Enquirer: 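Okay, handing you the structure first.
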Amino acid sequence: VQLQASGGGLVQAGGSLRLSCAASGRAVSSYYMGWFRQYPGKEHEFVASISHSGGRTRYADSVRGRFTISRDNAKNTVYLEMSNLRPEDTAVYYCAAGPRELAYTLTDYDHWGQGTQVTVSS
């Protein structure tokens with residue numbers, strides 16, 4: 001499966017953005033899906049994940065209550081709604097597809113694509 005994240009941009013602190021991850025080549029419903037972010041010079045950091053049907057979600061403590069992960073298997077797309085954004089949310093965001101639920105590092109996933117830059121100004 002090929003993944004393409006989009007929807008990043010520049011937003012003021014307190015603002016909102018919605019990221020999308022469009023999948024092609026295989027149905028995204030076959031995978032657990034996750035979002036990660038990467039700060040310059042740092043390893044990828046787990047942000048959120050969602051089960052096949054969307055019934056179970058997991059979040060990093062730093063984003064819980066502000067970010068919401070969802071999926072539309074009919075559209076082969078996964079979303080990350082981000083609200084009350086903070087300058088420390090500034091990073092490149094990646095989506096990933098994998099075979100199991102309790103996966104918190106990017107290498108636990110089989111597929112990931114190009115990221116999308118999110119910049120939050122103070």
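Everything numeric here is computed off the predicted structure, so don't read it as measured data.
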Enquirer: Applying side-chain hydrogen bond (donor to acceptor under 3.5 Å, both in side chains), can you list everything that pairs with His111, at least two apart in sequence or on another chain?
Expert: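 Scan of His111 (side-chain hydrogen bond (donor to acceptor under 3.5 Å, both in side chains), adjacent residues dropped) gives none.
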Enquirer: Test your reading of the model: is there a side-chain donor-acceptor pair from Asn76 to the backbone of Ala23, 3.5 Å cut-off?
Expert: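 Flag set: sc Asn76 to bb Ala23 pair under 3.5 Å.
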Enquirer: For a side-chain contact (heavy atoms from CB on, under 4.5 Å) check, start with the C-alpha distance between Val92 and Tyr39, then their side-chain angles and the critical distance, and finish with the verdict.
Expert: CA-CA 7 Å; Val92 178; Tyr39 301 108; over 6 Å; no
Enquirer: Between Asp110 (side chain only) and Gly98 (backbone N and O only), is there a donor and an acceptor less than 3.5 Å apart?
Expert: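 A pair under 3.5 Å: no.
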Enquirer: Partners of Ala96 by side-chain contact (heavy atoms from CB on, under 4.5 Å), sequence neighbours excluded?
Expert: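 Ala96 satisfies side-chain contact (heavy atoms from CB on, under 4.5 Å) with Phe36, Leu106, Tyr109, Trp112 only.
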Enquirer: Applying disulfide bond (SG atoms under 2.5 Å apart) as the test, list every pair that has at least one member in residues 16-99; sequence neighbours left out.
Expert: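 Qualifying pairs: Cys21-Cys95.
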Enquirer: Restricting to non-hydrogen atoms, name the atom on Val11 and the atom on Leu85 that form the minimum distance, rounded to 0.1 Å.
Expert: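 In terms of heavy atoms, the two residues are closest at CG1-CD1, 3.6 Å.
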Enquirer: For residues 115-122, tabulate all N or O donor-acceptor pairs below 3.5 Å that involve a side-chain atom, not counting sequence neighbours.
Expert:
unit_1, atom_1, unit_2, atom_2, d
Thr116, OG1, Gly8, N, 3.0
Gln117, NE2, Ala91, O, 3.4
Gln117, NE2, Thr119, OG1, 3.4

Enquirer: If you look only at distance, which donor and acceptor atoms sit under 3.5 Å apart when one is on a side chain in residues 45-54 and the other is two or more places apart or in another chain?
Expert:
unit_1, atom_1, unit_2, atom_2, d
Glu45, OE2, Arg37, NE, 2.8
Glu45, OE2, Arg37, NH2, 3.1
Ser51, OG, Gly55, N, 3.3
Ser51, OG, Arg56, N, 3.0
Ser51, OG, Arg56, O, 3.4
His52, NE2, Ser30, O, 3.3
Ser53, OG, Gly55, N, 3.4

Enquirer: Is any side-chain heavy atom of Ile69 less than 4.5 Å from a side-chain heavy atom of Arg58?
Expert: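 Not touching, per the 4.5 Å side-chain cut-off.
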Enquirer: Mind checking what makes side-chain hydrogen bond (donor to acceptor under 3.5 Å, both in side chains) contact with Arg86, not counting sequence neighbours?
Expert: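 So Arg86 forms no side-chain hydrogen bond (donor to acceptor under 3.5 Å, both in side chains) with any residue.
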Enquirer: Would you indicate whether the side-chain heavy atoms of Val28 and Thr77 approach each other to under 4.5 Å?
Expert: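 The answer is no, as the side chains (C-beta and beyond) never meet within the 4.5 Å cut-off.
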Enquirer: Residues in side-chain contact (heavy atoms from CB on, under 4.5 Å) with Asp108, at least two apart?
Expert: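 Expected list: Arg100, Ala103, Thr105.
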Enquirer: Is atom CD of Glu88 surrounded by more than 12 heavy atoms (other residues, nucleotides or ligands) closer than 6.0 Å?
Expert: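 Yes - once you tally the heavy atoms of other residues, nucleotides and ligands closer than 6.0 Å, there are more than 12.
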Enquirer: With a cut-off of 6.0 Å (strictly less than), are more than 12 heavy atoms of other residues, nucleotides or ligands near CZ of Arg26?
Expert: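 Open: at most 12 neighbouring heavy atoms sit under 6.0 Å from CZ of Arg26.
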Enquirer: I need the full list of side-chain hydrogen bond (donor to acceptor under 3.5 Å, both in side chains) pairs touching residues 4-24, with sequence neighbours left out, sorted by first then second residue.
Expert: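 Found none.
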Enquirer: Got a second to check how far Asp72's CG is from Ser70's OG, nearest 0.5 Å?
Expert: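 These two atoms lie 8.0 Å from each other.
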Enquirer: What pairs with Asn73 under side-chain hydrogen bond (donor to acceptor under 3.5 Å, both in side chains), at least two apart in sequence or on another chain?
Expert: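 Per chain and number, Asn73 pairs via side-chain hydrogen bond (donor to acceptor under 3.5 Å, both in side chains) with Arg71.
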Enquirer: ring-ring contact (aromatic ring centres under 6.0 Å, His included): which pairs involve residues 62-100, sequence neighbours left out?
Expert: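 Only His44-Tyr94 qualify under ring-ring contact (aromatic ring centres under 6.0 Å, His included).
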Enquirer: Find out if a path of hydrophobic residues (ILVMFWY) with successive side-chain heavy-atom gaps under 4.5 Å connects Met33 to Leu17.
Expert: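 Same cluster.
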